[in-house]
Amino acid sequence: MTEILVSDKLIHLRNARISYVIGILEGGIPAHLYFGKRVEKLNPASLLRAASLPGDFSFSMQNCALDHTPQEYPAFGLGEMREGALIVRQQDGTRTADLRFVSAEVIDGKPRLAGLPATFGDDCKTLCLKLHDELLALDVTLQYSIFEDCDAIARSVLFENRSEHALHLERCYSLCLDVPESRYDLITLSGAWARERELIRRPLVMGQQGVGSIRGASSLQTSPFLALARPETTEEQGEVIAMALVYSGNFTAQAYVDPNHYTRVMMGINDTDFQWTLESGAAFQTPEAVMVYSNAGLDGMSRQFHRVCADHLVRGRYAHAPRPILLNNWEATYFNFNEEKLLEIARTAARVGVELFVLDDGWFGHRDSDNSSLGDWFVDKRKLPGGLSALAEKVHALGLKFGLWFEPEMISPDSDLYRAHPDWCIHVNGRTSIQGRNQLILDLSRPDVCEYVYHAVADNLAANAIDYVKWDMNRNFSNVGSALLPAERQKELPHRYMLGLYGILERLIHDFPHVLFESCSSGGGRFDMGMLHYMPQTWTSDDTDALCRCRIQYSTSLVFPPFAMGSHVSAVPNHQTGRIAPISTRGNVAMSGCFGYELDLNRLPEEDLLAVEKQITRVKELRQTLLYGDFHRLLSPYEGNDTAWITVSPDKTQAVFMFTRAMALPGTFPPMLRLRGLDEGATYRIMETGETYGGDELMNIGLCVTLPGGDAASVSYTLKAEAKE
Ligand code: GLA
């Protein structure tokens, strides 16, 4: 049962499995006392003693001893020598804050965060911990929502300026967590284009460490996620505290180990290019961060994140629905297509069972390569003489849904839009604008530009029968400046951009509820919980090579469930790596996500096309399990030659198991692997081999896998529980 117990000096948030404890020190400083497994009875004496070391609190205050105190929301300048979560500048230019406890209010459910993506749910309780700085006349409300059905706490902070003067937020993170130890490994996800979210695990060391982005997007290079795992924590067991930001822009996720081996973890908007002028009477809401606790290893951590995504983050008709199997023409044609060529592919797609045909880049303006036309969202009649409506109609007539690519946040210097509005892009007057992929970024901090972007997409959706949108974003910020913002608000641009983008997306999903949106950013460059709130799936990576995808999907699954990951079978030799993997392996890996194809089916050998048809039939039968089952990682491609995972339906009657070996190795025994997540008491039939095994045998002894020969060999088995006698 979820409850928030508020007593004199103690606030205890707990559900059936986790506890989070806050202590109010003498003088009103909110101290962080505990986050972990649920505790039943609590005598705060020793916790409070530890929190206000080395003496009583008034002594500590006079002696800067807050430097040792675990705090809920430490501010710069108050007896605190560590980096804090808040820096606020007042009229006289000084930058200290002193936040003291005012009240602790508990509400059922969870308030919405104005203008921002956030978790939601009725089955949770929220603590509003109100703090106040008397000198600044600043109200600060720390919000903590604890969920009933998952071991997660969502945190955010609201600032309200009650003074007569403007205040300037120079830093206001979403979360600070002081952990009284440093015996942890730090886990982050960092990578590059086509190599997103590599799993990185290293011991915490004294000093500052972590990840962040100042690219204007959560980025290809790193994810707004961080975990502290005990050194002995494995997939299956051990403690983990992890957090992810529900935000898609610049962020920081840092851990600082002080000389006493206390660890301070903070997460929020990166302050390198952030500042917010809070006028008298105005409010500012930080993005939300979701913290989870698991004592069941990394698997347990992922289970919690996946539940948050499935039941408290993703919205709309597709939130729990089967996702259509799609065919995307990008790698099939690139920019070189016309209506007939597209229809040829679509016809074959329809014949083998594909459900959605997606027209990617190149349908608008005069875009024959990536050097023009972004911003001119008008169909190119040279390629599509009948326009989008005729194409959509013909695709629909084949029994397929029709989807379309947009990159609405961008503007090409060679575009009618740029010629009409050169000041609509992000730029710095007097500097040559640096292009990325030959394009500039529209300044979404401007309401007029947001209006244009909304209509660029909405008008096309209203005029044509479009069932799906791939929303791309293919470059990061540089020369950050806005023609509209006054000098003192230029550092607001990156966050205002995100608010502008979220506003557009909110309108679009409201106005076009039938459309399935897929987020993309040069692949997985904006794969975060923020975008997932608007778009239920994200293109995981431009790298479609099956072996690379084993790595990328494996580590992406640390935070994100299969239903969030777009994953397609593409042609061989693979366009990113040149590797030739069998069609079976390409299918087996891709079907652990939102399944599709990214190739010209007409160029496939007949036997591969037959295999495609079988893959599609199988995915249709299993996709509810594949998308929404419990995903367990079994073998890590980061540790060896093999990757394995299994997805088990919630009722444990069905499972799909995948094993891939990167390099064939002669002289090795067939792999034996223990499965997870099954019902120990059930008997499972492996449909592909006809063999039956007890769930207990599969999980405790294991399954010996027979692999075909050759590199990039894989098997995928469907397990079905036999009816119990
Ligand atoms: C990005 C996307 C690709 C494709 C191209 C089109 O790179 O990640 O999937 O849509 O843009 O230009």
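Counting starts at 1 for both ligands and their atoms, following the listed order.
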Proximity flag Glu518 to ligand 1, non-hydrogen atoms under 4.0 Å
no

Return yes when Asp370 approaches ligand 1 closer than 4.0 angstrom through a heavy atom, no otherwise.
no

State whether Trp193 and Arg215 meet the cation-pi test: NZ (Lys) or CZ (Arg) under 6.0 Å from the six-membered ring centroid, and within 45° of the perpendicular axis.
no

Suppose we measure from [atom] to each protein heavy atom; which comes out shortest, and what is that distance?
atom                    : value
atom 10 (O) of ligand 1 : Asp360 OD1, 2.6 Å
atom 12 (O) of ligand 1 : Asp361 OD2, 2.6 Å
atom 3 (C) of ligand 1  : Asp542 OD1, 3.4 Å
atom 2 (C) of ligand 1  : Asp472 OD2, 3.1 Å
atom 9 (O) of ligand 1  : Lys470 NZ, 2.7 Å

Within a distance under 4.0 Å of any heavy atom of [X], pick out the atoms of ligand 1 and give their elements.
X      : answer
Trp539 : 8 (O), 9 (O)
Asn474 : 1 (C), 7 (O), 11 (O)
Gly523 : 8 (O)

Verify whether one side chain among Trp645 and Gln553 offers a donor that lies under 3.5 Å from an acceptor in the other.
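Short answer, no.
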
Between Glu506 and His510, does any side-chain donor sit less than 3.5 Å from a side-chain acceptor?
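The answer is no; no qualifying pair exists.
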
Over 60° means perpendicular and under 30° means parallel, so classify the ring planes of [Y] and [X], tilted if in between.
X      : Y      : answer
Phe225 : Phe305 : perpendicular
Phe512 : His514 : perpendicular
Tyr247 : His495 : tilted
Phe335 : Trp330 : perpendicular

Specify side chain, backbone, both or neither for [X], according to which of its non-hydrogen atoms lie closer than 4.0 Å to ligand 1.
X      : result
Asn328 : neither
His568 : neither
Cys520 : side chain

Pair Arg419 + Asp414: basic N to acidic O under 4.0 Å
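Here Arg419 pairs with Asp414 in a salt bridge, since their nearest N and O are under 4.0 Å apart.
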
Show the numbers, then the answer: is there a side-chain hydrogen bond (donor to acceptor under 3.5 Å, both in side chains) between Asn328 and Asp360?
CA-CA 7 Å; Asn328 178 304; Asp360 208 279; 2.9 Å; yes

Considering distance alone, does some N or O of Arg437 sit under 3.5 Å from an N or O of ligand 1?
yes

If you measure every N/O of Trp405 against every N/O of ligand 1, is any gap under 3.5 Å?
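Yes; at least one N/O pair falls below 3.5 Å.
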
Candidate list Leu604, Val612, Leu327, test side-chain contact (heavy atoms from CB on, under 4.5 Å), partner Val352, passing option
Val612

